[in-house]
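To start, the structure itself, in structure tokens.
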Amino acid sequence: MSEAREQILARIRGALADRPAEPRLPPAYRLTGTATPQERVERFAERVADYRARVELTEDP
Amino acid sequence: MPAATPTAWQPSGAGRWPTPSVALFVTCLGDTLFPDVGKATVTVLERLGITVEFPLEQTCCGQMHLNAGYADEARALGERMERVFAGHELIVSPSASCVAHVREHMPGLAGRVHELSELLVDRLGVEDLGASYTGSVTYHPSCHSLRLLHLGDRPLRLLRAVRGLELHELPEAAECCGFGGTFAVKNADVSSAMLADKLASVEATGAGAVCACDSSCLMHIGGGLERRRAPVRALHLAEILAQ
Amino acid sequence: MSEAARDARPLLFPQAARLALADPQLRANIRLATTTIRAKRAAVVSELPDWEQLREAGQAIKDRALHGLDELLVELEAAVTRAGGTVHWARDAEEANRVVVDLVRATGADEVVKVKSLTTDEIRLNDALQAGGVRAIETDLAELIVQLAGERPSHLLVPAIHKNRTEIRDLFRERLGRPDLSDDPHELAEAARLHLRAAFLRARVAISGLNFAVAETGTCCVVESEGNGRMCLTLPETLITVMGIEKVISRWDDLGVLLQLLPRSSTGERMNPYTSLWTGVRAGDGPRAFHLVLLDAGRTRVLADPEGRPALRCIRCSACLNICPVYKQTGGHAYHTVYAGPIGAILQPQLSGETGQAATLPFASSLCGACYEVCPVKIDIPRILVHERAKAVRAEAQGLEGVGLRFLARVFSQRRRYERAQRLGRALQRPVVRNGHVRWFVGPLKGWGLSRELPALPQQTFREWWEQRERGT
């Protein structure tokens, strides 16, 4: 492997001599929304209109 | 000035409490350059029937040294201050920035020290101090009071209870006045530019006085007002509440 | 300020600031731009009820990445290589530039199109390319303007913030050969678009930076507003991306948090117009060759200081610049670095050492704390500024200021000494004081006297009043 790679990795390990044994994990964050499909569509239509889009709601084809 | 005697007036809302005694931390700036602020603080507290003590060994909390990069000197001053106030359960100061510094860097004193409006509103439950002031005032929230102590609207509630006082809201109030400790002289040009904006905001209110909880900001803003010969006074909150 | 002038004399911040303050056009531009963007940011942030939790998550995501940086870089390298890319490591700017120039020349191309990248500005890649016979065309509109004007960017995000429409019109008329142009923004944008379209279509090599690199999948992410990034990342046969090693994040899901934080904090938008994500190469779609250059250039130095390390969380949103009351007055050029404003003041001295010009940057602040309030990854900038000031004071003697402050600390360390000093001060001030005010501002007070009066030391200190009262006199 390259000398640069080894040196950078060595520098990092040396720099992190104080790193915690247990990394602080990010808080569990929700990966899906809580809105109903209807609410989601309404919010999207409202916000995309901010970008001067013309929005038409239709029935399921 | 004769020692204040308790008057017939009683504070509302808090009922009776065992008269506490409070140690005053007046700050090096207050002691040396703005003694009226300390005197006003004593007046306000004694009017409430509180016994004020003044530990004469106090000098400086070390905030300026720490912020200027002289960490060792600041630490020594902090350790000294902890020793000076060691025997005092309740400490009050008219300087929001010094209180923020003590809370952050002196664990021994952190729980015991209060900024004046915190003491009045939170600990004593008092907003009306029986003060009167005829004139218009605008309030500048210093950065430390706003972002470190989160004083919120405590000073405003105290000012609103002052009879005769007309409170004008300061535009762009949260914008730093430009003092910043040694910044005021190390970067005097930028500090002056920031001051000019703050003065423009103050003058836009038409108020006859600008008020704050930090003598350092007031020294800077007041100094600017005087240079401009503006008809606006710079007053500490304590000075208004003592009227 | 032209690049030549800047390099000839890197002015210390106070002097550079004074120059900037003397430019009314610059000040007006900065003021308008920062006021506008502050309002936009505040509006979109207030829409999110969980903004504070997002900041916490952003901080934790970046901290986790920094604490596992060596493993993540190895994981990233494996994932990118598996996906058909090639990873290179560069210890410093010179090494990175050498790698990139060699890669470009190996393709036979004498021209590259570039996506805006602070990292490549930091290492002065364009200069190295030019020395290697390669022309670098900046395709971000503001970078194009700055490049045509022969200047350095003055803001992380809006590098031409110091130029107004009329100045841009004049520049395009001259440098794009378009004497017909008015200062209508649509016309100016179209002129730039035509100029750039020709460059995109003929380019064989593109160079970019990136916002995030996901170790888990080997995916690189560029967040942009204009679409020039999309053009550069997809059209040419060869793509070379230079990234600071601190840009790596651990998991794909982390992007969900960071992509909510970044656009709202930087341009004050709910989402930016173009977000591009690519993993290695893919036959028949986009570049045939992808090279990722991992750059240290002082970042391991920052990593080694636990107090200063949080500066590496930065996601380059520029919210701190826009809220900074100092930046509002001076703009970015006064900092003389690629990274300006509050983040620049803590990052640059750590990258390059706390001496010389960089050492004046941590003092370019009143410590108001507004930056910390808006930082999407909760970097406690004021705390690190104070930490950096202490390093600067230890690294270089501070002259009279050091003597004065150390003397003052000794005075404060003993009550009698302090009281004597108060009395002495009152006596000594007499020659410079009149009518209760200082009349001659000497030494360190000269700066104060620029714009402010200073009261004389009163005839009685608080403690003297107190003692008198206690004695009943």
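Remember, it's a predicted structure, so these values are computed and weren't measured experimentally. Note on naming: letters A, B, ... go to the chains in the order of the sequence lines (proteins, then strands), and numbering restarts at 1 for each one. Note: hydrogens, waters and symmetry copies are ignored here, and every other heavy atom, side chains too, is used.
Contact annotation for B/E57: both backbone and side-chain heavy atoms come within less than 4.5 Å of a heavy atom of chain C. At a 4.5 Å heavy-atom cutoff, C/E388 makes no contact with chain B through either its backbone or its side chain. Of the atoms belonging to C/L405, heavy atoms from both backbone and side chain fall under 4.5 Å from chain B. At a 4.5 Å heavy-atom cutoff, C/A334 makes no contact with chain B through either its backbone or its side chain. If you measure heavy-atom distances from B/D72 to chain C, you find no contacts under 4.5 Å at all. C/E401 touches chain B through backbone and side chain together, each having a heavy atom under 4.5 Å away. For C/S365, the part sitting under 4.5 Å from any heavy atom of chain B is the backbone (N, CA, C, O) and nothing else. At a 4.5 Å heavy-atom cutoff, C/R410 makes no contact with chain B through either its backbone or its side chain. The contact between C/H437 and chain B is made entirely by side chain atoms (from C-beta outward), counting heavy-atom distances below 4.5 Å. Within the 4.5 angstrom heavy-atom criterion, only backbone atoms of C/P444 (N, CA, C, O) approach chain B. Looking at C/F363, both its backbone and its side chain come within 4.5 Å of chain B, counting heavy atoms on both sides. Proximity to chain B is absent for every atom of C/K446, based on heavy atoms less than 4.5 angstrom apart. For a residue to count as touching a neighbouring chain, one of its non-hydrogen atoms must lie under 4.5 Å from one of that chain's; by this rule C/L21 touches chain B with the side chain only. With a threshold of 4.5 angstrom between heavy atoms, C/R383 approaches chain B through side-chain atoms but not through N, CA, C or O. Heavy-atom distances place no part of B/M81 under 4.5 Å from chain C, backbone and side chain included. No part of C/A392 comes within reach of chain B, as not one of its non-hydrogen atoms sits under 4.5 angstrom from that chain. For a residue to count as touching a neighbouring chain, one of its non-hydrogen atoms must lie under 4.5 Å from one of that chain's; by this rule B/A76 does not touch chain C.
Looking only at heavy-atom pairs under 4.5 Å with chain C, the residue among B/M219, B/E226, B/R147 that has the most is B/R147. Note on B/C177, B/A184, B/G181, B/G62: by heavy-atom pairs under 4.5 Å with chain C, the leading option is B/A184. With chain C as partner, the option from B/L199, B/V52, B/V37, B/L146 having the largest number of non-hydrogen pairs under 4.5 angstrom is B/V52. Chosen from B/C28, B/G178, B/A193, B/A68, the residue pairing most often with chain C at heavy-atom distances under 4.5 Å is B/A193. Note on C/R394, C/E373, C/Q398: by heavy-atom pairs under 4.5 Å with chain B, the leading option is C/E373. The candidate from B/V190, B/V185, B/L148, B/D36 with the greatest count of non-hydrogen atom pairs under 4.5 Å with chain C is B/V190. Among C/G425, C/A17, C/A456, C/G449, the residue with the largest count of heavy-atom pairs under 4.5 Å with chain B is C/G449. Of the listed residues (C/P14, C/P362, C/G447, C/P382), the one with the most heavy-atom contacts under 4.5 Å to chain B is C/P14. Interface check for chain C: of the options B/K186, B/E73, B/R228, the most heavy-atom pairs under 4.5 Å are formed by B/K186.
With a 4.5 Å cut-off on side-chain heavy atoms, B/L33 and C/P455 count as touching. For the pair B/Y70 and C/V393, the minimum side-chain heavy-atom distance is below 4.5 Å. Side-chain contact between B/R227 and C/R452 is absent, with no heavy atoms from C-beta onward closer than 4.5 Å. Side-chain atoms of B/N187 and C/Q329, non-hydrogen and from C-beta on, never get closer than 4.5 Å to each other. For the pair C/W466/B/V26, no side-chain contact is recorded, criterion being any heavy-atom separation below 4.5 Å from C-beta on. Between B/V84 and C/R415, the closest side-chain pair of non-hydrogen atoms is not below 4.5 Å.
Counting all heavy atoms, side chain and backbone alike, B/P35 lies closest to C/T461 at CB-C, 4.1 Å.
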Run the side-chain contact (heavy atoms from CB on, under 4.5 Å) check on C/Y418 and B/C60 step by step: do they pass?
-> CA-CA 10 Å; C/Y418 169 62; B/C60 173; over 6 Å; no
Could you give me the CA-CA distance, side-chain angles and deciding distance for B/T41 and C/F462, then say whether side-chain contact (heavy atoms from CB on, under 4.5 Å) is met?
-> CA-CA 11 Å; B/T41 306; C/F462 175 84; over 6 Å; no
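In summary, B/E172 and C/R38 do not engage in a salt bridge, as defined by a charged side-chain N under 4.0 Å from a carboxylate O. The pair C/R469-B/E46 meets the salt-bridge criterion, with a side-chain N (NZ, NE, NH1 or NH2) lying under 4.0 Å from an Asp/Glu carboxylate O.
B/M194 pairs with exactly one of C/P325, C/C368, C/S451 by the side-chain contact (heavy atoms from CB on, under 4.5 Å) rule, that one being C/P325. With C/F412 as the partner, the side-chain contact (heavy atoms from CB on, under 4.5 Å) test is satisfied by one option alone out of B/R80, B/H65, B/Q58: B/H65.
Checking side-chain atoms of C/R463 against main-chain N and O of B/L56 turns up a donor-acceptor pair under 3.5 Å.
Applying the 6.0 Å contact sphere to CZ of C/R417 captures more than 12 heavy atoms from other residues, nucleotides or ligands.
One distance of note links CD of B/E175 with CD1 of C/I323; it measures 7.0 Å at 0.5 Å rounding.
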